[in-house]
Amino acid sequence: MSTTEPVVRTVSGAVRGQISDGLTVFRGIPFAEAPVGPARFAAPRPARPWDGTRDAYAFGPPPPQDLGLAGPAGTHSGGDDWLTVNVWTPEPDPAARRPVMVWIYGGAYKLGHSGSPGYDARRIAVDGDLVVVTFNYRVGMEGFAHIEGAPANRGLLDQVAALEWVRDNITAFGGDPERVTVFGESAGAGSVASLLAMDRAAGLFGRAVAQSVPGTFFSAELARDIGTALAAEIGLRPTVADLAAVDPEQLVKAGQSLAPKMPGQVARWGQAAPTVTPYSPVVDGEVLRVTPWQALASGASRDVDLVVGHNRDENRLFTAMAGKLGRIGDARASAALALYAPGGEAAYRAAYPDASANDLYERVQTDWLFGMPSLHLAEAHLAGGGRAHVYELTWAAPGSGGAFGACHALDVPLLFGTFEADLGLLLFAGAEPSSEALALSSRFRSAWTAFARTGDPGWPAYDTERRLVQVLDAEPAVVPYPEETSRRLWEGHEFAALPLGQGS
């Protein structure tokens with residue numbers, strides 16, 4: 001084996017990596033066949049074997065997707081091999097048997113790819129002395145839209161295929177397939193929650209970290225109606241026959257065209273309409289039989305240890321991106337409370353009597369979309385016999401004078417230590433991270449990697465008597481769940497699959 005370019009043999013063929021900063025890194029290894037041509041909209045198929053040694057130097061191409069704040073940045077090869085994995089390992093030695101962490105990116109199920117600079121996993125691998133795997137999965141119409149003749153939740157099926165690749169190959173890279181932790185944020189956390197509920201993912205991981213779990217799961221009826229609307233944007237029907245030959249970029253444009261029209265469809269699409277996100281996992285009765293909350297409460301994955309949590313001010317990121325930060329008035333706050341608050345507008349106003357219209361709007365949006373789904377996932381896991389550790393990030397991002405607060409996705413640059421990439425550029429204003437930020441970043445990695453190694457992130461497991469959670473801030477503390485007022489408002493609420501409305 002070369003000392004500068006180690007070679008590892010996978011079940012599909014040999015790959016050559018590169019040594020960098022004390023790690024060996026392999027990029028762009030296919031874990032499934034390119035999902036194009038006859039494989040378009042199909043469940044992932046095993047990667048075709050190759051002869052010789054394949055250079056694993058460059059990230060695979062991003063799946064077709066919406067543009068994020070920074071676009072689909074990063075160095076990657078061209079082509080349509082969207083389904084690839086990347087491995088950071090301290091030592092590609094089969095005898096090493098290090099713990100393995102597998103990252104699932106977020107992006108509203110419509111964007112994201114593992115080659116983003118913000119997901120550079122080297123600090124996690126180095127600090128934790130473990131193997132980190134990242135991978136691409138199909139997003140948008142390719143991965144999540146309802147298409148007749150195609151399986152539902154193709155993006156989730158890609159994730160299962162990537163985890164099967166880990167099971168079958170990671171020993172050769174120095175990892176232990178018996179000690180796999182999946183971790184993800186936002187749509188990635190929704191994916192982690194889905195995997196916990198999916199029969200076909202059973203046994204592929206033993207621990208899970210879900211950062212800001214979205215509560216949006218579509219019923220089959222809602223997914224079918226939105227899928228019809230998506231295809232109609234380009235004058236077609238939502239069938240494999242109609243869409244299989246359409247350029248993937250045209251399908252991306254269909255989603256971009258429909259999204260701004262969604263807020264006008266509340267009567268038809270209910271709570272999903274204002275999210276301007278036409279994609280979510282679908283409770284189809286087969287790939288995903290029930291919602292994650294229902295599955296976990298019935299004991300699914302009770303043997304999987306769980307860390308789950310959220311950020312205090314999740315919704316501020318979206319309000320800021322819409323140019324409305326601090327500018328929400330009574331009418332818009334009342335509409336949000338009427339649509340999302342489980343007890344209606346009056347319940348929130350009574351519970352938060354001194355809150356402004358802007359603060360009520362932010363609170364109910366944060367609670368509905370991320371805060372309470374995350375807490376309820378922990379409580380469902382407990383009810384089903386599992387163990388969960390809960391956290392809340394309350395440290396404010398320094399960008400824009402702290403106006404973002406502890407907003408959505410702040411945990412990503414903190415965890416990866418990528419302050420000058422992707423959203424980190426916005427949330428940290430391109431400045432050198434402070435000693436406080438670096439200390440919190442290190443604390444994130446220490447907790448997550450300790451959990452991957454031992455099952456203990458460093459604070460007590462959650463229970464429904466003391467409700468102790470780890471508050472992640474400049475001065476960390478273990479305290480009773482800080483959002484007790486919201487918790488009580490949502491007590492007993494069921495996060496069911498979102499239905500198709502009466503106005504359809």
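We use all heavy atoms of the structure for the numbers below, so side chains are in, but hydrogens, waters and symmetry mates are not.
Inter-residue side-chain proximity for L393 and L440 is flagged as met; some heavy-atom pair is nearer than 4.5 Å. Looking at V166 and L204, their side chains never come closer than 4.5 Å, going by heavy atoms from C-beta outward. Between P151 and L157 the shortest side-chain heavy-atom distance falls below 4.5 Å. The side-chain heavy atoms of I104 and Q159, taken from C-beta on, include a pair separated by under 4.5 Å. Under the 4.5 Å side-chain criterion, counting only non-hydrogen atoms from C-beta, P99 is not in contact with T181. Side-chain contact check for L423 versus P413: every heavy-atom pair is 4.5 Å or farther apart. Residues V133 and V180 fail the side-chain proximity criterion, which asks for heavy atoms closer than 4.5 Å. By the 4.5 Å heavy-atom criterion applied to side chains, V192 and V209 are not counted as neighbours.
Nearest heavy-atom pair, Y340 versus P274, reported as atom, atom and distance to 0.1 Å: OH-CG, 3.4 Å. For the residue pair P476 and Q470, the shortest heavy atom distance occurs at CB-NE2, 3.5 Å. Taking all atoms of both residues into account, the shortest heavy-atom contact from A397 to L427 is CB-O, 3.5 Å. The shortest non-hydrogen separation linking G106 to S186 is CA-CB, 4.5 Å. Closest approach of V308 and L377 over heavy atoms only: CG2-CD2, 4.3 Å. Considering all non-hydrogen atoms of both residues, G118 and D422 come closest at N-OD2, 2.9 Å.
Side-chain N or O atoms of S219 include one that pairs as donor or acceptor with a backbone N or O of L498 at under 3.5 Å. One N or O on the side chain of Y105 and one on the backbone of Y137 form a donor-acceptor pair closer than 3.5 Å. Side-chain atoms of S442 never come within 3.5 Å of backbone atoms of L438 as a donor-acceptor pair (strictly under, hydrogens ignored). For the pair D313 (side chain) and A406 (backbone), a donor-acceptor distance under 3.5 Å is present. Without hydrogens or angle criteria, S257 side chain to E233 main chain gives no donor-acceptor distance under 3.5 Å. Side-chain atoms of H493 do not come within 3.5 Å of backbone N or O of W368 as any donor-acceptor pair. With hydrogens and angles disregarded, a donor-acceptor distance shorter than 3.5 Å links the side chain of S194 to the backbone of G190. Here the side chain of S298 pairs a donor or acceptor atom with the backbone of A295 at under 3.5 angstrom. Without hydrogens or angle criteria, Q265 side chain to M262 main chain gives no donor-acceptor distance under 3.5 Å. A distance-only check finds no donor-acceptor pair linking the side chain of D284 to the backbone of A220 [under 3.5 Å].
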Inset, instruction - Show your reasoning for whether side chain to side chain contact (heavy atoms under 4.5 Å, CB included) applies to M141 and L243. - result: CA-CA 10 Å; M141 286 190 73; L243 299 176; 4.1 Å; yes
Inset, instruction - Give the C-alpha distance, both sets of side-chain angles, the deciding distance and a yes or no for side chain to side chain contact (heavy atoms under 4.5 Å, CB included) between D411 and L472. - result: CA-CA 10 Å; D411 47 314; L472 290 163; over 6 Å; no
Legend entry - Stepwise side-chain hydrogen bond (donor to acceptor under 3.5 Å, both in side chains) check, T394 with D473: CA-CA 6 Å; T394 58; D473 210 319; 2.7 Å; yes
Inset, instruction - With side chain to side chain contact (heavy atoms under 4.5 Å, CB included) as the test, would you mind laying out the steps for I226 and Y279 before giving the verdict? - result: CA-CA 8 Å; I226 293 178; Y279 315 105; over 6 Å; no
Inset, instruction - Could you walk me through whether W448 and Q211 pass side-chain hydrogen bond (donor to acceptor under 3.5 Å, both in side chains), step by step? - result: CA-CA 11 Å; W448 269 226; Q211 304 168 210; 2.8 Å; yes
Inset, instruction - Apply side chain to side chain contact (heavy atoms under 4.5 Å, CB included) to L163 and R167, showing your working. - result: CA-CA 6 Å; L163 288 167; R167 177 196 63 198; over 6 Å; no
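Between D359 and R363 there is no salt bridge, since none of the side-chain N atoms of the basic residue sits less than 4.0 Å from a carboxylate O of the acidic one. In summary, R349 and D330 engage in a salt bridge, as defined by a charged side-chain N under 4.0 Å from a carboxylate O.
With rounding to the nearest 0.5 Å, the separation of CZ in R138 from CG in L156 is 11.0 Å. Atom CZ of R200 and atom CG of L288 lie 10.0 Å apart (nearest 0.5 Å). Interatomic distance, OH of Y361 versus NZ of K324, reported as 9.5 Å (0.5 Å rounding). Interatomic distance, T134 OG1 to M101 CE, rounded to the nearest 0.5 Å: 12.5 Å. Atom CZ of residue R327 and atom OG1 of residue T319 lie 11.0 Å apart, to the nearest 0.5 angstrom. Separation of atoms CZ (R302) and CZ (R387) is listed at 15.5 Å; rounding is to 0.5 Å.
No hydrogens or angles considered: nothing links the side chains of W82 and E142 as a donor-acceptor pair under 3.5 Å. Between the side chains of Y109 and S191, no donor N or O sits under 3.5 Å from an acceptor N or O.
When each of R122, R443, R453, R445 is paired with D127, the salt bridge (charged side-chain N to carboxylate O under 4.0 Å, His left out) condition holds for R445 and for no other.
Residue E484 qualifies as enclosed at atom CD: its count of foreign heavy atoms under 6.0 Å is above 12.
Looking at residues two or more places apart in sequence or on another chain, you find a side-chain hydrogen bond (donor to acceptor under 3.5 Å, both in side chains) between R467 and E379, Y462. In terms of the side-chain contact (heavy atoms from CB on, under 4.5 Å) criterion, residue partners of R289 (sequence neighbours excluded) are, by chain and number, D199.
For residues 405-427, the ring-ring contact (aromatic ring centres under 6.0 Å, His included) pairs, not counting sequence neighbours, are W103-F416, Y119-F416, F318-H408, F370-H408, F419-F428.
Taking the six-membered ring for Trp and the full ring otherwise, F444 and W395 have centroids separated by 6.0 Å or more.
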